[in-house]
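Below, read A as the first sequence line, B as the second, and so on, with proteins coming before strands; counting in each chain starts at 1. All of these numbers come straight from a predicted model, not from anything done at the bench. Just the heavy atoms: all of them, side chains too, but no hydrogens, waters or symmetry mates, feed the values below.
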Amino acid sequence: MFQQQIQETRPLTTAHLAQTMALLHMTIEEIQQSIEKELSSNPALELKEERRCPTCQRLLGEHEPCPVCSRPQNISEDEPVVFISPRDDFSPRTDSYAEEYPDERDLSPTVDDLPTYVLRQIALELPAQDRPLVAYMLAHLDDDGFLTIDLVEIAMYFHVPLSKIQQLKRMIQRADPLGVCSSSPQEAMLVQLELLAETIAVPNFAYEIIQDGMAFLTKRQFNELAHQFNTSLSNIQDAVSYISDNLNPFPGRSHWGDVRDPVKISVEVFHRPDIIIGHINDDPEMPLAVEIIMPIGGTLRVNPLFRKAIKKAPTEQKETWKQDIDRASLFVKCLQQRNHTMKRLMYNLVKIQKDFILQGPKYIQPITRVQLSRVLDVHESTISRAVSNKTVQLPNKHIIPMADFFDRSLNVRTVLREIIAKETKPLSDAKLVKLLSAKGYDVARRTVAKYRAMEGILPAHLRNLPNQTS
DNA sequence: CTATGGCACGGATT
DNA sequence: AATCCGTGCCATAG
């Protein structure tokens, strides 16, 4: 069935091909922008009104019947249901900031520089007389998003009370690169934590660790932390993994990533997934449903009225109208092509990586992009484009980069973490190599060292164990 | 002598 | 063509 569709939707022109590739490369936000731009600039394009599935209320896309409800019953468990899912709500993962920042603002971090981007967000709620102050503060941010001058200095410069500056700073810190305009990584993380705590639970000690244990945290000396707060190592580890998963000590780098940063604790919390994988009706018995999100409420098409109207159009306008129609139809075709490629890609990817999706990173299949490109019969760069910059929400509600599906070392790294977590005395890298190969993971000694570094685990001789509690 | 980190090479990715 | 990642070799620290 897929084979036939390929033939139908093969790119016909180079323009088609180029635009399809561009669309493939885009994240959900960029596609949304692209569609909105096209809609507003091209009268021949229209957004067909949304249709919902009568039984499950799901927004329907190009499929006539609901892909979930009308799924044939005789399909095997292994067959994932892949479909394009148009939606205006993005059902962000519950533990992200996304809920804090609904779509009312046009958040397009890549176009503006950091100060402009931040200023835009808060300009509306900012009294006019305070704008120079904020502008001044934003002008003194460094690449990491930190404030480089003293608050007192600003207050004196503008002859305003210090509390005023503090209040403004607080407001800025709550804008999108969350924690921007802080004076230190510590402060930035505290702000993020505070805001995060409003929506989800924060593990015990997370706050205290940042507040008082930064020195140990940066060195990853967890056992010292456990000692300092008089608690178990696992409590600390929970808190720390929460911190590194959700907080960003360098707010300026989350979007304006600076390559010279070797110790970035990366965070990907500011966006919505491009693809959502979940069980149908959240029932683990059911097969997996893969939703490829389209950021619009209905489907796009060439406006049929416009097509009719062109026949009786005045001659001098006929030409431009025709161009509009051609452009609209090209756009729709490209979008369909893009979606179709994504569908095929995800279908195969989910089938191959089912264990990974359901049971965690240990079970990832070490597949390369090239292998998959052969299966799909597309060029490998197509896969690269489709995968890069995209994120996927798994059934467990975690959002991961799509590139993780191709990460050769993810499984080894998780096993490595497990081994070290369970070790009773510090194991050297060489010992770890043996243990890993016993479990079927053949990696070089040197590589283990690198993985350790990636996971933030100290070398064996610095790794003292919990206070013999376990 | 052992355990690790730095540098460089080759294949994979972009 | 440029960049990233796993690995081997070597220097250094303990």
Any side-chain N or O of [X] less than 4.0 Å from the OP1 or OP2 oxygen of [N]?
{"X": "A:Arg385", "N": "B:dT14", "result": "no"}
{"X": "A:Thr447", "N": "C:dG6", "result": "no"}
{"X": "A:Ser428", "N": "B:dT2", "result": "no"}
{"X": "A:Tyr451", "N": "C:dC5", "result": "no"}

A:Leu410 side, atom CG; A:Phe405 side, atom CZ - distance, nearest 0.5 Å: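 It is 10.5 Å, given to the nearest 0.5 Å.
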To the nearest Å, how far apart are [X] [atom1] and [N] [atom2]?
{"X": "A:Ile420", "N": "B:dT4", "atom1": "CD1", "atom2": "C1'", "result": "14 Å"}
{"X": "A:Leu432", "N": "B:dT2", "atom1": "CG", "atom2": "P", "result": "17 Å"}
{"X": "A:Lys431", "N": "B:dA3", "atom1": "NZ", "atom2": "C1'", "result": "10 Å"}
{"X": "A:Met402", "N": "B:dT14", "atom1": "CE", "atom2": "P", "result": "11 Å"}
{"X": "A:His25", "N": "B:dT13", "atom1": "NE2", "atom2": "P", "result": "17 Å"}
{"X": "A:Arg452", "N": "B:dA3", "atom1": "CZ", "atom2": "P", "result": "12 Å"}
{"X": "A:Arg369", "N": "C:dT3", "atom1": "CZ", "atom2": "C1'", "result": "13 Å"}
{"X": "A:Asp429", "N": "C:dT12", "atom1": "CG", "atom2": "P", "result": "20 Å"}

Whichever of A:Asp407 and A:Arg445 has its nearest DNA chain C nucleotide further upstream toward 5':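 Going by which nucleotide is closer to the 5' end, it is A:Asp407.
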Short question: side chain of [X], backbone of [Y] - any donor-acceptor pair under 3.5 Å?
{"X": "A:Thr148", "Y": "A:His140", "answer": "yes"}
{"X": "A:Lys333", "Y": "A:Thr20", "answer": "no"}
{"X": "A:Ser184", "Y": "A:Glu187", "answer": "yes"}

Base, sugar-phosphate, or nothing: which does [X] touch, judged by heavy atoms less than 4.0 Å apart?
{"X": "A:Ser409", "result": "sugar-phosphate"}
{"X": "A:Arg446", "result": "base"}
{"X": "A:Thr368", "result": "sugar-phosphate"}

Check: A:Arg408 side chain, B:dG11 base, donor-acceptor under 3.5 Å: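 For A:Arg408, whose side chain was compared with the base of B:dG11, there is no donor-acceptor pair (under 3.5 Å).
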Selection from B:dT13, B:dA8, B:dG5 that lies nearest to any side-chain heavy atom of A:Pro459: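 For A:Pro459, the side-chain atoms sit closest to B:dG5.
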A:Arg374 with A:Glu380: basic N within carboxylate O range, under 4.0 Å: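 Salt bridge flag = no for A:Glu380 with A:Arg374.
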